Each structure stands twice: as structure tokens, then as C-alpha cells.
A.B. asks: 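Take this structure first; my questions come after.
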There are 2 protein chains.
Amino acid sequence: MTTAFRNWQAVQQEVLRRIHAREWAPGDLIPNEADLASEFGCARATVNRALRAVAEAGLLDRKRKAGTRVALQPVARATLSIAVIRQEVEEKGARYGYALLERSMTRPPAPVRAALNTADATLLHIRALHFADGAPYALEDRWINPQGAPGVLDQPFETTSANEWLLEHTPYTRGDIALSAQSATVAEARDLGCDAGAALFALTRNTWNGPVAVTRVRLLFAPGHSMQADL
Amino acid sequence: MTTAFRNWQAVQQEVLRRIHAREWAPGDLIPNEADLASEFGCARATVNRALRAVAEAGLLDRKRKAGTRVALQPVARATLSIAVIRQEVEEKGARYGYALLERSMTRPPAPVRAALNTADATLLHIRALHFADGAPYALEDRWINPQGAPGVLDQPFETTSANEWLLEHTPYTRGDIALSAQSATVAEARDLGCDAGAALFALTRNTWNGPVAVTRVRLLFAPGHSMQADL
DNA sequence: AAGTGGTCTAGACCACGTC
DNA sequence: ACGTGGTCTAGACCACTTT
């Protein structure tokens with residue numbers, strides 16, 4: 001006799017067990033929801049909830065009519081949590097500091113124009129440093145579209161970072177992120193207090209609110225920085 | 001009169017609209033599920049589904065009894081999809097290539113032992129190169145615990161990468177990932193065909209199957225590599 | 001103690017994709 | 001055409017927290 005699986009977490013655990021134990025091997029078609037429900041002694045909605053969760057984790061492929069199959073090559077999905085830099089620093093138990101380096105209205109260089117699709121508009125350009133315990137932590141290079149961030153031109157950003165202000169005052173509907181590595185230029189090395197040519201972790205992020213570009217920011221982290229995530 | 005919101009996606013969209021329009025401002029307590037259900041003209045379960053989805057995206061904080069609040073600082077969550085390297089290369093439209101550099105049973109250095117918590121066991125050490133259109137794409141440095149990957153010792157890994165074999169044959173229950181930037185050592189530069197000291201994007205990943213370590217891998221990507229994700 | 005979200009149920013209908 | 005997952009409903013009970 002099988003124990004009854006009364007809640008969706010229990011069903012999920014049993015499904016995961018069968019996958020890991022290869023009772024359901026990669027590529028296999030598993031029983032449909034109705035059959036599993038009667039086997040597990042619960043409602044179909046409960047099985048659905050469990051299978052949906054496992055599918056979202058990438059271990060199952062579900063298709064109407066075709067049924068549910070164990071994923072052949074489970075694509076690992078790591079979820080990065082990207083918080084405000086001040087939070088990130090303080091969560092590491094360090095004292096946060098901030099300094100504005102530059103604030104101007106400028107026509108951005110071609111790559112920025114292309115990424116934001118803002119043609120030849122003049123954007124607010126902010127360069128700033130974030131510190132952890134007095135040491136440079138990250139160098140922020142940001143372009144803000146005043147059209148997409150009402151009120152931004154009234155902000156001096158001398159004590160509060162654009163990073164923080166935008167998150168609280170400017171909604172966005174979509175965005176993308178790119179992570180990469182790059183060598184520190186002489187200027188960047190000076191700002192970050194490292195050697196020129198040092199390997200830096202870079203995060204570039206664009207956000208939009210509907211069709212209108214809000215901001216593009218490139219964060220260069222001091223050498224040794226790493227981002228963690230769980231699978 | 002309000003239009004009826006008949007499905008959870010429509011409810012979700014309306015909730016997002018209210019958050020973005022600041023009708024529900026950060027920190028605000030929003031109406032409870034029952035009230036929203038009657039306002040939207042749908043069942044409470046439908047509202048629940050929608051609110052749960054928004055909360056999973058980080059825009060709402062939900063607590064029993066305390067109610068649902070708009071998140072003060074929505075933590076951006078970027079989901080990285082980490083596929084098999086061969087897939088990754090082929091999806092870019094390039095021809096994939098693979099070469100084994102080293103295969104041995106060795107006692108790993110301290111950092112690896114510590115990360116995997118394998119005490120002084122002897123592990124399988126694999127070093128290999130992945131190519132895209134003939135050019136080095138990524139350098140793989142991997143340690144495999146034979147205890148966690150039955151059958152791995154029978155694999156030569158001369159034509160099929162450990163990356164691929166493990167994903168298909170070895171289940172895991174948890175893992176972690178770290179992303180960072182580092183300078184190429186002389187040896188790494190030789191393998192990757194770049195200059196020593198070049199900034200490389202590094203991905204280090206540990207996986208376990210329950211309490212037993214399965215593998216630890218460090219992937220060093222050729223200069224210029226970036227990882228993309230959406231928000 | 002009471003209010004809120006979390007979940008389960010049984011049944012129903014629908015949408016999609018394969019056959 | 002038809003089988004499968006996707007979703008909705010109405011009602012119910014439970015679990016967690018705050019009051």
C-alpha cells in the first residue's frame with residue numbers, strides 16, 4: 001500500500017524521489033494528472049500544483065495532450081538576487097559609504113544609445129562610488145532617461161545614490177542583465193583603488209517602463225567580488 | 001464599473017498596473033484576497049494564484065494575518081539558465097568542439113576539499129577544453145567524487161565531456177554557483193589562447209546528491225564572454 | 001481570539017497539440 | 001477528434017501571526 005500524499009509538497013517530494021531514483025528516467029512519459037491523483041489519494045489540483053512546481057524547476061517538460069516527460073537535460077536555473085548596493089554591503093556586515101563622482105546632462109556614446117534605443121536624446125549621466133568599510137566596493141556608471149524617470153532632474157544624488165532613488169521612485173516593467181569580466185582601465189583602477197588591468201566583475205543592466213527606456217547602469221566591482229546563487 | 005478579471009493572468013496584470021501606477025505604493029497594505037475577489041468578480045483561489053505569482057517575483061510581501069504589502073525594495077531576481085556547454089555553443093550557431101587535457105585520480109587541493117567536504121578522499125580530476133568554431137570557448141577544471149557519481153570511473157571522457165555525461169547520468173539535489181572575474185594565469189592563457197593576465201569570466205559550481213558531494217567544476221570562459229538574463 | 005493567507009476538494013469547462 | 005494539462009469555482013478547513 002502507498003501512503004497517502006495529502007499536500008502538494010509531499011507529492012512534489014515523491015515526484016522528485018522517483019526522478020532521482022530513475023524510476024522515471026529522463027525522457028520518460030509519466031502518468032497523467034488524473035492517474036497520479038488517484039494513486040496518491042488526493043485531488044487532481046494538488047497533483048497539478050506539485051507537477052507545476054517541479055516543471056518550473058526545470059525537471060519536467062509539460063505539454064497539453066503530449067503529457068508530462070522527465071526533462072532530458074535539466075537546464076539548471078540559478079536565481080540571482082540583485083538588491084540595492086547599500087543593502088548588499090550592510091548584509092555583509094560592512095559600513096556603507098557613497099560618493100558622487102560626476103553628474104551631467106550629456107549625449108551618451110553610441111553603445112548606450114543603441115542599448116536604450118533613445119536616438120540622440122540628452123541623458124543624465126551619473127558616475128559614483130560605493131564603499132564598504134571605507135574601501136571602494138563598486139563603481140557605478142549610469143545613464144538615466146529623464147522621460148522615463150520623472151523628477152530625476154531634481155535629485156542631486158550627492159548623498160543618496162541613483163541606485164537607491166530609482167528603485168524607490170521609478171517603476172519598470174522589464175529589464176535585462178549581462179554579467180562579464182573586464183580589465184580595469186587606468187581611470188577605473190584609480191577610482192577603485194586597484195591596479196590597472198586587474199580583472200573586474202561587471203554587471204550591466206538596462207531597464208524599461210513599457211516602451212520608454214529608464215536607465216542603463218554598469219557596475220564594476222572591486223577585484224575579488226563574486227556573486228552567489230543556489231540551484 | 002470595473003471590467004471583470006476572469007483569469008489569474010488578468011488579475012496579475014491589474015495588480016502590477018496598480019503597483020506601477022503607485023495606486024498601491026511601496027509599503028502599503030493591499031486589500032485581502034476575499035475583498036479583491038469580490039471586486040474582481042472571480043474566486044478567491046484565482047486572486048491567490050495571481051498574488052502568489054507577483055509575490056514570487058518579489059514585488060509583494062505576504063504574511064498570514066498581517067496581510068499583503070507592496071515590497072519596499074523589490075529585490076530584482078534574474079534567472080540564469082545554465083545549460084550544457086555544447087548546447088550553449090550550438091545555440092550561438094557555432095560548431096562545438098571538445099578536447100580532454102587531463103584525467104587522473106588525485107587528492108584535491110585544500111580549497112576543493114573544503115568546498116566539497118570530502119576530507120582526504122581521492123577524486124577524479126578532469127581538465128578539458130570546449131571550443132566554438134575551433135576557438136577555445138571555455139576551460140573546464142572539474143573534480144568528481146566517484147562515490148557520488150557511480151560509473152564515472154568507467155568513462156574516458158575523451159570524446160564526451162564530463163559536463164554532459166554527469167548531467168545525464170548523475171542526479172543531484174542541491175548545488176551552488178559563484179560567478180566572478182579573475183586574471184588568466186600563464187597556463188590558463190596558453191590553454192585558452194589569450195594573453196596572460198586577461199580578465200576571464202569564471203563560474204564555479206558545486207553539486208551534491210543529498211549529503212554526498214558529486215562534483216565541483218570551475219569554468220573559465222575565453223575573454224569577452226558574458227552571461228545574459230532577463231528581469 | 002480573530003483575521004489572513006495557504007491549501008484541499010470535487011467538479012467543470014477550456015485551450016492546446018497531437019493524432 | 002480527442003486526450004492532456006490549464007484553469008476556474010464555491011466551499012471548507014487549517015496554520016500562522018498578530019492583537
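Hydrogens, waters and symmetry mates are skipped; everything else that's a heavy atom, side chains included, is used. Everything numeric in this text was worked out from a predicted model, so none of it was measured.
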A.B. asks: State which of dC8(C), dC13(C), dG5(C) makes the closest approach to the side chain of N7(A).
C.D. replies: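 In terms of side-chain proximity for N7(A), the closest of dC8(C), dC13(C), dG5(C) is dC8(C).
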
A.B. asks: Whole-Å distance between dC14(D) C1' and R64(B) CZ?
C.D. replies: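 My rounded result for the distance is 8 Å.
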
A.B. asks: Rounded to the nearest Å, what distance is computed from the CZ atom of residue F40(A) to the P atom of nucleotide dC8(C)?
C.D. replies: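 About 13 Å, once rounded to whole Å.
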
A.B. asks: What is the distance, to the nearest angstrom, from the CD atom on E33(A) to the P atom on dG11(C)?
C.D. replies: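 Rounding to the nearest Å, CD of E33(A) and P of dG11(C) are 16 Å apart.
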
A.B. asks: Return the nearest nucleotide to the side chain of K65(A); candidates are dA10(D), dT7(C), dT18(C).
C.D. replies: dT18(C)

A.B. asks: OP1 or OP2 of dG6(D) versus the side-chain N and O atoms of R62(A): is any pair under 4.0 Å?
C.D. replies: yes

A.B. asks: What are the two closest heavy atoms between A222(B) and L200(B), and how far apart are they?
C.D. replies: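 That closest heavy-atom pairing would be C-CD2, 4.4 Å.
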
A.B. asks: Would you please confirm or rule out a distance under 4.0 Å between OP1 or OP2 of dT7(C) and any side-chain N or O of Q9(A)?
C.D. replies: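 So the side chain of Q9(A) is within the cut-off, an N or O lying under 4.0 Å from OP1 or OP2 of dT7(C).
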
A.B. asks: Below 30° counts as parallel, above 60° as perpendicular, anything between as tilted: where do the rings of H225(A) and F201(A) land?
C.D. replies: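 Rings of H225(A) and F201(A): tilted, 30 to 60°.
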
A.B. asks: Between dT9(C), dG5(D), dG5(C), which one does the side chain of A45(A) approach most closely?
C.D. replies: dT9(C)

A.B. asks: Name the residue closer to the 5' end of DNA chain C, choosing between G41(A) and I30(B) according to the nucleotide with the nearest heavy atom.
C.D. replies: I30(B)

A.B. asks: Classify the ring geometry between F221(A) and Y137(A) as parallel (under 30°), tilted (30 to 60°) or perpendicular (over 60°).
C.D. replies: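 The arrangement is perpendicular - the two ring planes meet at more than 60°.
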
A.B. asks: Answer yes or no: side-chain N or O of R52(B) and base N or O of dT7(C) forming a donor-acceptor pair under 3.5 Å.
C.D. replies: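 Side chain to base: no pair present.
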
A.B. asks: So, OP1 or OP2 of dG5(C): does either fall under 4.0 Å of a side-chain N or O from N48(B)?
C.D. replies: no

A.B. asks: Over how many whole Å does the gap from D35(B) atom CG to dG3(C) atom P extend?
C.D. replies: 12 Å

A.B. asks: Considering just the side-chain nitrogens and oxygens of T46(B), establish if one lies under 4.0 Å of OP1 or OP2 belonging to dT7(D).
C.D. replies: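 So the side-chain polar atoms of T46(B) never come under 4.0 Å of the phosphate oxygens OP1 or OP2 of dT7(D).
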
A.B. asks: Closer than 4.0 Å, any side-chain N/O of T68(B) to the OP1 or OP2 of dT4(C)?
C.D. replies: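 Looking at the OP1 and OP2 atoms of dT4(C), neither is under 4.0 Å from any side-chain N or O of T68(B).
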
A.B. asks: Return yes if the base of dG6(D) and the side-chain atoms of R49(B) contain a donor-acceptor N/O pair under 3.5 Å, otherwise no.
C.D. replies: no

A.B. asks: Look at the side chain of H20(A) and the backbone N and O of Y172(B), then say whether any donor-acceptor pair between them is shorter than 3.5 Å.
C.D. replies: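 The answer is yes, because a donor-acceptor pair under 3.5 Å joins these two groups.
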
A.B. asks: Verify salt bridge (charged side-chain N to carboxylate O under 4.0 Å, His left out) between R62(B) and E33(B), making sure each step is shown before the conclusion.
C.D. replies: CA-CA 11 Å; R62(B) 316 196 74 193; E33(B) 294 188 347; 2.7 Å; yes

A.B. asks: Return the 5'-most residue of the pair R44(A), A34(B) with respect to DNA chain C, ranking by each residue's nearest nucleotide.
C.D. replies: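 Its nucleotide being nearer the 5' end, the pick is A34(B).
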
A.B. asks: Do R216(B) and W143(B) form a cation-pi contact, if we require the NZ or CZ to be under 6.0 Å from the six-membered ring centre and within 45 degrees of the ring's axis?
C.D. replies: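 Relative to the ring axis of W143(B), which defines the angle, R216(B) lies outside at least one limit.
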
A.B. asks: Between atom CG in L60(A) and atom C1' in dT4(D), what is the gap in whole Å?
C.D. replies: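 Atom CG in L60(A) sits about 15 Å away from atom C1' in dT4(D).
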
A.B. asks: Rounded to whole Å, how long is the line connecting atom CG of L29(A) with atom P of dG3(D)?
C.D. replies: 15 Å

A.B. asks: What integer distance in Å separates L51(A):CG from dG5(D):P?
C.D. replies: 8 Å

A.B. asks: Among dT9(C), dG5(D), dT18(D), which is the nearest nucleotide to the side chain of N32(A)?
C.D. replies: dG5(D)

A.B. asks: In whole Å, I'd like the distance from the CD atom of Q12(A) to the P atom of dC8(C).
C.D. replies: 11 Å

A.B. asks: Output the single nucleotide from dG5(C), dC8(D), dG5(D) whose closest atom is nearest the side chain of W8(B).
C.D. replies: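 Among dG5(C), dC8(D), dG5(D), the one nearest the side chain of W8(B) is dC8(D).
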
